[in-house]
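For reference, the structure is listed below as structure tokens.
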Amino acid sequence: SAKVQGRNTCRSFTEDMGLGDVAQLLLENQLRQALTRDELLLHYQPQIDMASQRIVAVEALVRWKHPVHGLLAPDRFIPAAEHSELFAPLGEWVLRAACRQMRAWQHAGLTHIERVAVNLSAQQFDQPDLPALVASVLQETQLGAQHLELEITESMAMRNPERSITVLRDLLAMGITLALDDFGTGYSSLSYLKLLPVTRIKIDRSFVSNVENDPHDAEICAATIDLAHKLGLTVTAEGIETPGQFAYLRGLACNEAQGYLICRPLPADQVEQFEPAGMAVAG
Ligand code: C2E
Ligand code: MG
Ligand code: MG
Ligand code: MG
């Protein structure tokens, strides 16, 4: 078998590959084609300022308009892309498309949308030329750096903290902002927060969902917002679905909110028409 023959021999497709590998290969091939056939698109989820309830930003979320399976959410293909060499072209496509759209909104006069947030994959974050790539996309799309935010997760940042700090500093120095996504789900959380040069934390939906019925999650949100503010960070709550969650977090002076209560992710042309409905919350 391939194992006995050693490292440099090719694996026999039928003998050594499980079904999972086959599925991964098929998905990779389809995704490669998707990139060249214009089957990827971005939806944008509004983020509002909690005090004024006005839209201030959008998060770009990738979708795949699959010829057979219809519109696919990122969890259906991002993991496959991350385990292939496709992560780089896919990530670059998202970054460029989001910056281009943001510039188009600015040209159309939608200047109240201050920034577009783009999620990075772990592999993208590890790429040595990430700051150079971001700089070249900004240059090419003529988007001001202050209008781009990059989202990374704690676990991405904590794999190699020293390197991460350097990369994040380089990115910040360009004038872009940085968000720690899904905050609270990594196990390093609070102790490393002071070390990582980021602009914002996004409290994970798993805490936000329970603030009305789990006193511990409510306290975790309160403590996190308090600490973040003391460290000079802005806080976004993600996954707000109820007026009660909105009211509780606004009461804690959480800065911004994102979630189905406010708006689902929208195709670009619908973002232009988005008006926050007013969250109808007391105090
Ligand atoms: P994320 O960055 O934490 O994005 C938020 C996800 O939560 C989105 O799912 C959004 O649609 C969903 N969401 C927002 N508000 C609510 C809510 O009130 N309730 C519920 N149940 N869900 C809500 P989506 O678009 O399926 O994306 C899932 C994840 O895929 C993202 O999580 C992000 O980690 C990843 N992702 C999305 N786009 C990209 C991309 O372009 N590049 C990379 N590397 N990852 C991406
Ligand atoms: Mg995100
Ligand atoms: Mg998130
Ligand atoms: Mg999340």
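Counting starts at 1 for both ligands and their atoms, in listed order.
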Taking only heavy atoms of L120, which atoms of ligand 1 are found under 4.0 Å from at least one of them? 44 (N)

Judged by non-hydrogen atoms, does E59 sit under 4.0 Å from ligand 1? yes

Name of whichever N/O/S atom of D182 is nearest to the Mg ion (ligand 3): OD1

Does an N or O from N119, backbone or side chain, lie closer than 3.5 Å to an N or O of ligand 1? yes

Metal check, the Mg ion (ligand 2) vs E238 N/O/S, cut-off below 2.8 Å: no

Within the distance-only criterion (no hydrogens, no angle test), does the side chain of N210 pair as donor or acceptor with the backbone N or O of S206 below 3.5 angstrom? yes

Acceptor/donor pairs from residues 168-177 side chains to any protein atom, 3.5 angstrom cut, sequence neighbours excluded:
residue, atom, partner, partner atom, Å
T177, OG1, E149, OE1, 2.8

N or O pair under 3.5 Å between R63 and ligand 1: yes

Atom indices of ligand 1, in the order listed, that fall short of 4.0 Å to a heavy atom of S121: 44 (N)

Distance-only polar pair, side chains of S52 and D49, donor-acceptor under 3.5 Å: yes

Can you list the atoms of ligand 1 that are under 4.0 Å from a heavy atom of E241? 17 (C), 18 (O), 19 (N), 20 (C), 21 (N)

Would the distance check show the side chain of R103 and the main-chain N or O of Q142 forming a donor-acceptor pair, the cut-off being under 3.5 Å? yes

Is it the side chain (CB and beyond), the backbone, both or neither of V94 that lies under 4.0 Å from ligand 1, heavy atoms counted? side chain

Is the side chain of D129 donor-acceptor paired with the backbone N or O of A132 at a distance under 3.5 Å, no angle test? no

Does H43 reach ligand 1, in the sense of a heavy atom lying below 4.0 Å from it? no

Please examine the side chains of R250 and L252, heavy atoms only from C-beta on, and report whether any two atoms are closer than 4.5 Å. no

Among the N, O or S atoms that D181 has, which is closest to the Mg ion (ligand 3)? OD1

May I ask you to identify, for D181, whether its side chain, its backbone, both or neither come under 4.0 Å of ligand 1 on a heavy-atom basis? side chain

Going by the closest heavy atom to atom 4 (O) of ligand 1, which one wins out of V208, L61, I78? L61

Please state which part of D182 comes within less than 4.0 Å of ligand 1, counting heavy atoms only: side chain, backbone, both or neither. side chain

Taking F183's backbone N and O only, do any of them form a donor-acceptor pair with D204's side chain (distance below 3.5 Å, no angle check)? no

Short N/O/S contact of E59 with the Mg ion (ligand 2) (below 2.8 Å): yes

Got Y44 and F274 here, is their nearest side-chain heavy-atom distance under 4.5 Å? no

Among F125, F87, W93, Y260, closest by heavy atom to atom 23 (C) of ligand 1 is Y260

Is Q47 reaching over with its side chain to a backbone N or O of V56, donor-acceptor style, under 3.5 angstrom? no

In terms of heavy-atom contacts, does CZ of R54 have more than 12 from other residues, nucleotides or ligands at under 6.0 Å? no

With the Mg ion (ligand 2) as the reference point, give the N/O/S atom of E151 that is nearest. OE1

Could you tell me whether a side-chain N or O of Q101 sits under 3.5 Å from a main-chain N or O of A97, the two making a donor and an acceptor? no

Is the closest heavy-atom distance from E238 to ligand 1 below 4.0 Å? yes

Could you check whether E256 pairs with R200 (Lys NZ or Arg NE/NH1/NH2 to Asp/Glu carboxylate O, under 4.0 Å)? yes

Side chain, backbone, both or neither: which applies to P265 and ligand 1 if a contact is any heavy-atom pair less than 4.0 Å apart? side chain

Under 4.0 Å from ligand 1, counting heavy atoms only, is it the side chain of Q45, its backbone, both or neither? side chain

